[in-house]
Each structure stands twice: as structure tokens, then as C-alpha cells.
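Proteins come first, then strands; the chains are lettered A, B, ... in the order of their sequence lines, and each starts at number 1.
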Amino acid sequence: MAGQPTSFETMYVQHFNEEARPLAYYLAKMNGYEAAKKAFGMTKDAIIDEVKKASLRGRGGAGFPCGMKWGFIPKESPKPKYLVCNADESEPGTFKDRDIMRYTPHMLIEGMLIGSFAIGAKAGYIYIRGEYVREAKLLNEAIDEAYAKGYLGKNVLGSGHDFDLTVHRGAGAYICGEETGLLNSLEGKRGEPRVKPPFPAQAGAFGGPTIVNNVETLADIPSIITKGGEWFAKMGKLEKSGGTRLFSISGHVKKPGVYELPSGGYTLRQAIFDVCGGMLDDKKLKAVIPGGSSAPVLTADEIDVVLDVEPVMKIGSMLGSAAIMVIDEDTCMVKLIQRITKFYAHESCGQCTPCREGCKWMEDIIERILHGHGKMEDLDLLMSITDNINGKTLCALGDAAAGPVASFVKKFRSEFEAYIRGEKHA
Amino acid sequence: MAKVLSEKFYAEMKKLEPRYPTKVALLLPALHAAQDELGWLSSETMEEIGSYIGIHPAQVKEVASFYTMYNLKPVGKYHLKICTNVACCLRGAYDVVEHTEKKLGIKVGQTTPDKQFTLHEEECLGACGTAPAMMLNNDYVENLDIRKMDEVLAKLGVKG
């Protein structure tokens, strides 16, 4: 039977419906704000230790351990500290955070309340992509509810902890999903990534020590505090990754959608053929992009990989934001990489020459191959451009553009050659 | 110079001011609020925002032009932004774009002569499980296909 598996404990999917949104539901059915009460009785170090024990890795794409990140925040700071939620969800293929924000917004708000207490921040921002107009409105309504009941604001639940939470809308820029680009955007600037160090934990938003966490990462926190880090860690099937993960699965499958699976508990094959019910119209599988459009492509022979950070990395791709895009036999891989490359050329912020020029070059070269003007040398030229971008830019956008191109050329070279020889034409 | 932004705009900004340690942080919210009111961001609007925040109009434009959601030219009453990124193009977004171009008699990036419709191709909207997706002004329309696009356009008064 295709669909969300029920053979393990889940935190999210059973609540992903409109009825779950109000505070009343959260309090009655989800043990709402009990984790915050418990956290206020703990020391800050104890909270951070619990999150470390949970092996909670960042859900935005980098997979950095959340507890360790929180531990980087200086205890004392002359400047105010901030907790920022990255709700930009701009990595193509990713749509899971939208469900958290529209169905279970209080999980995120409570997670931020606990996180702010642990790191000593009195202000927090949810930086949400500008296109999520409705989700921003729903978040604001949930925040209003929380203020009205004393879960936000001054002296929350008598703890002595003050926390103000503000929704800040982006305005259409992929790069604002990069944490320092996001911080610049929050400050009212162009969303250009910063030179690191200093890292945000030393000097982030408005110059103060700042933690930036993904929506799902923060929404995991209340469960970790209530049920314990060990419980969370055990939900994951591999040592370093705890919890379940929300997978955004799209493309040519029968049942696309958001699915909650244990970290490292499923192979890509199971996700496509068991969870999503197999290929749309029973076509043959050709390729999969396993972690958002920045992830190098996998062929149909590579889908027995376990879905977790290390296994996917080991075969030369990345799990990223756990956004899986499934591609069938009828898809032209040259046209597809043209579309992906066009995206990165459009979204490059322009600060770093290798990315700004390289992305545009790759786009132009793929374009000319598609239109019958390519040469065989162009394929080597493309590979050489990817080498000249990789690792040579301030942020990961350059690598994100280069990785897919290199993987498409390597794994689907014959399709490019067919265009170059004039056997195919766009 | 006469003000172009309303009292409501200034009231909204006043409410937001205490939320940020700097006034410049109000720039993105101000641009959004202004665009909601006026439909696009003219030079006059950006000048007024600059003088409210206390920055040079060139700084306002520098920021506004970085982000694709800010309209620096007037757009039609109905602004259609169809996502053609990976998940949407796998599910037939380009057929929908082509059909919409024919139906409206304009190309991507153009506005109909009666100023009713502007059509754009959009980057990933984060609605890939219900692809293809588009924005119609501030709302999402998902699981698009040619038939659904025809229904949407019919409701907005496009015949045939």
C-alpha cells in the first residue's frame, strides 16, 4: 500500500491538516507548550545537552548538528543575541516547511521559545520566503494567539524569560536561504552572503551573536525536550542522525507529497516505489535528484542508497533538504539541466566572479548545445567551468550550480552528444 | 511633495518599528506594504520610503532591484507567475505557459494592452508536490494543467 507508512512513530504527518492549526488543538492534542514549561525548569546547558544527545542535524540542507551549533553562542555578550528561523525554503524541490507553518505553526513557535531561552535571545525572527503570503499570515495569527496566552512576550509563563517573535518576509531571492544572505536581507540589505568568519554565532543579525535554524529543526525541539534526546536519537536508524525527517517528494511518481520517514530508515527505492506508489503512468525510472536541485543527479541504478546524510554523500551526491525529484524515461536530461542552470545563473548574487560568470557560461553553452550549435569540446569546457567554480566562492551557490552540471554531463553524456551530432534538436 | 503612501502604511510601519533594532530593517516590510497598496514601486514611492527610513533613494532602489517580487514597473490587475522550475517542468509547466501565452495573446514578461494580465515565468514556489504551481497575485494555484488554467482565466473574464 502506497502512502505514509505507519509502522513507526511520527511527530508531524498525523497533524498535517487544517484542524491542527489553532492553539487550542496544540494544547489539547499535542501536549502544547508543556516542553517549554519543562525547559524553563532546566539549565541552559542541560537543554543544549539534550539537543546534542538527540543527534538532531540541521534540516535545511547542511546537516550540521543543532546542539553543537547552539553551543557556539557565547554565554555573555555585550550585544543582544538573536534566534532566526530560516523559513526561506528556496531550494527547488523542497516544500515540507510550508506544511509545518500552515498546519502546526505552534510546534515552530514553541521550538523557538525553547531555543531562545537556551541561547539567551530575547528576540527572534522567522524569515519566510516572500511567496508564502498565506503561510506568513497564518504564522502571524498563531503568534498573536501565543502572545494572547502568554507564551510569547514578557516573562513567558513566569520564567523571567522575555521573547518577542516577528515574521519577516523575503521577496524572491534564492540566495536568502543561505544564512548570511538571509541575515543581510533581514537587516534591510541586498541578500548577499557575507565573508565568514565571523560566523553568525559570533556576529550575526545586527552584529549580535545569532543562531539560524531551519523550520523543521526548530519544530523538532519540543518533542526532544518532552521525550528526551535519547528517544529522538533512537528514531533515526544510523548513529549520527536522530529523529524522523520530512521528505518532499515530487516529479514523476504516483503520489508526490511530504512524507515523514525515520532518518536513515528507508532507501531511495523504497521511497519511490513503496511510499510514493511507484512511477507515474508506470514509466521507467531514469534519474533522481535526491536533495534539492543543488544535489548531483543519481541514475536509476543508484537508488538502493539509504536516505541519510552520509550514505548519499558516499555515492557522490547529497541528501540536502531531503527534497527528492523523480525523473522518468521520457525526460530529456539536456533540457532539464538547461532549466536548472538557468535558475542558478538567475539567482547568483553576482559577488563572486566564478559563480557570476561561470553560471552564465554554463547556461549559454548548454543552450547552444540544445539548439544544434554545440561542439564536442563543449562538454570538456563545461567540466572545466565546474572545476573553476567549485570551492572558489563565498557561499555554496556556486557549488550548487556546478555539481548538477558535472553530474549530468558525466552520467548522461550520450544525450548531450546526440544534440551535438545533430541527431536531436530542441 | 505630496505623499503617495497612505496613513495605513505609516500606521503599519509604526507598529513594526519596535520589532527591529534598526530602522533600515523596515525596508523589506515597507516595500511589501507599499506594493500591496500601489501595485508597484515607482521612483516617488521609493523616495518616500527612503525619506521615512532615513536612507538615500538609491539605497532603496539598490535593495528593491535585488528581489524579484518587487515590481519596478506597473503590472496588470492579475499577475500570473507560473513556476517552470524542475518539479513543475517535469509535470508539464511549459505546456501551461505556452497555452497561457496563446490565450492571453502576450509573451512571458508582457502585460495585455488592457492592463488586465501580466504573465511571468517563476522560479520554484515551494509547492512541488502539487506541481505545476503558479501565483495569481498573492494566492497559489496548484495542480495546474491546461484545463485548470482555462477555468482560472474564465473566472477572470477571459473568453474562449
Side-chain angles (χ1 to χ4, degrees), chain A residues 80 88-99 123 125 129-134 164 166 168-176 185-192 205-208 248-252 255-258 280 289 293 323 325-328 331 335-336 339-340 343 346-347 349, chain B residues 15-16 18-33 35-36 49 53 55 59-60 62-71 81 83-94 120-135 137-140 142-143:
Chain A
D88 196 54
E89 191 146 78
S90 52
E91 180 64 27
T94 320
F95 49 99
K96 66 188 176 70
D97 293 337
R98 183 184 181 208
D99 278 357
Y125 299 95
R129 59 175 306 161
E131 293 85 355
Y132 283 170
V133 180
R134 176 166 180 264
D164 279 315
T166 305
H168 189 94
R169 287 178 60 213
Y174 170 67
I175 195 60
C176 293
S185 182
L186 173 66
E187 291 180 12
K189 301 171 189 160
R190 294 161 70 89
E192 290 165 347
F206 310 104
S248 310
I249 310 183
S250 65
H252 297 135
K255 290 182 155 191
V258 174
L280 187 65
I289 300 173
S293 71
M325 291 179 279
V326 180
I327 299 158
D328 75 11
T331 308
K335 282 186 187 161
L336 190 60
R339 183 62 189 84
I340 292 174
F343 168 73
H346 177 255
E347 299 296 336
C349 83
Chain B
K15 229 176 91 187
L16 276 178
R19 294 301 190 130
Y20 298 94
T22 67
K23 212 167 170 188
V24 185
L26 289 169
L27 184 48
L28 267 67
L31 290 166
H32 277 306
Q35 181 162 300
D36 282 347
I49 290 173
I53 288 178
I55 55 176
Q59 279 174 279
V60 179
E62 183 205 18
V63 171
S65 62
F66 185 83
Y67 299 93
T68 54
M69 283 183 76
Y70 296 130
N71 304 322
K81 298 189 263 190
C83 174
T84 57
N85 206 299
V86 181
C88 286
C89 88
L90 291 176
R91 288 287 193 144
Y94 280 111
H120 275 113
E121 250 185 66
E122 185 59 90
E123 293 301 355
C124 186
L125 291 172
C128 324
T130 44
M134 74 160 174
M135 286 191 84
N137 295 342
N138 278 337
D139 298 321
Y140 274 50
E142 296 166 61
N143 291 311

**Q.** side chain to side chain contact (heavy atoms under 4.5 Å, CB included) involving B/Pro21 - partner list, sequence neighbours excluded
**A.** A/Tyr82, A/Tyr125, A/Phe206
Q: Give a yes or no on whether a salt bridge exists between A/Arg98 and B/Glu142, defined as a side-chain N under 4.0 angstrom from a carboxylate O.
A: yes
Q.
Working to the nearest 0.5 angstrom, can you tell me the gap between A/Phe343 CZ and B/Thr84 OG1?
A. 10.5 Å
Q. With no hydrogens and no angle check, is any side-chain donor or acceptor of B/Tyr67 less than 3.5 Å from a backbone partner on A/Gly191?
A. yes
Q.
If I measure from the heavy atoms of chain B, does A/Leu336 come under 4.5 Å with its side chain, its backbone, both, or neither?
A. side chain
Q | Residue pair A/Ser185 / B/Leu28: nearest heavy atoms and the distance that separates them | A | OG-CD2, 3.4 Å
Q. Within a strict 4.5 Å, meaning less than it, do heavy atoms of the A/Pro256 and B/Arg91 side chains meet?
A. yes
(Q) Does any part of the side chain of A/Arg190, heavy atoms only, come nearer than 4.5 Å to the side chain of B/Ser65, both counted from C-beta? (A) yes
(Q) Measuring from atom OG1 of B/Thr22 to atom CG of A/Leu186, what distance do you get when rounded to the nearest 0.5 angstrom? (A) 8.5 Å
Q: Measure the NZ-CD distance between B/Lys81 and A/Glu131 for me, rounded to the nearest 0.5 Å.
A: 6.5 Å
Q | Engaged part of A/Glu347 at the chain B interface, taking heavy atoms whose separation is under 4.5 Å | A | side chain
Q) Checking heavy atoms, do the side chain of A/Glu187, its backbone, both or neither come under 4.5 Å from chain B? A) backbone
Q. Looking at side-chain heavy atoms only, is the closest gap between A/Arg134 and B/Asn138 below 4.5 Å?
A. no
Q: For residues A/Arg169 and B/Pro29, determine if any side-chain heavy atom of one lies less than 4.5 Å from a side-chain heavy atom of the other.
A: no
Q) Can you check whether A/Cys349 reaches B/Phe66 side chain to side chain, under 4.5 Å on heavy atoms? A) yes
Q. Contact part of A/Arg339 toward chain B, heavy-atom cut-off under 4.5 Å: side chain, backbone, both or neither?
A. side chain
Q: Report the distance from atom NE2 of A/His168 to atom CZ of B/Arg19, rounding to the nearest 0.5 Å.
A: 13.0 Å
Q) Could you state the interatomic distance from OH (B/Tyr20) to CG (A/Asp164), rounded to the nearest 0.5 Å? A) 12.0 Å
Q: Would you mind checking which part of A/Val258 comes under 4.5 Å of any heavy atom in chain B, side chain (CB onward), backbone (N, CA, C, O), both or neither?
A: neither
Q) What residues form a side chain to side chain contact (heavy atoms under 4.5 Å, CB included) with B/Cys83, not counting sequence neighbours? A) B/Asn85, B/Cys88, B/Leu125
Q. What option among A/Glu91, A/His346, A/Lys96 has the most heavy-atom pairs under 4.5 Å with chain B?
A. A/His346
**Q.** Under 4.5 Å from a heavy atom of chain B, the part of A/Ser248 involved
**A.** neither
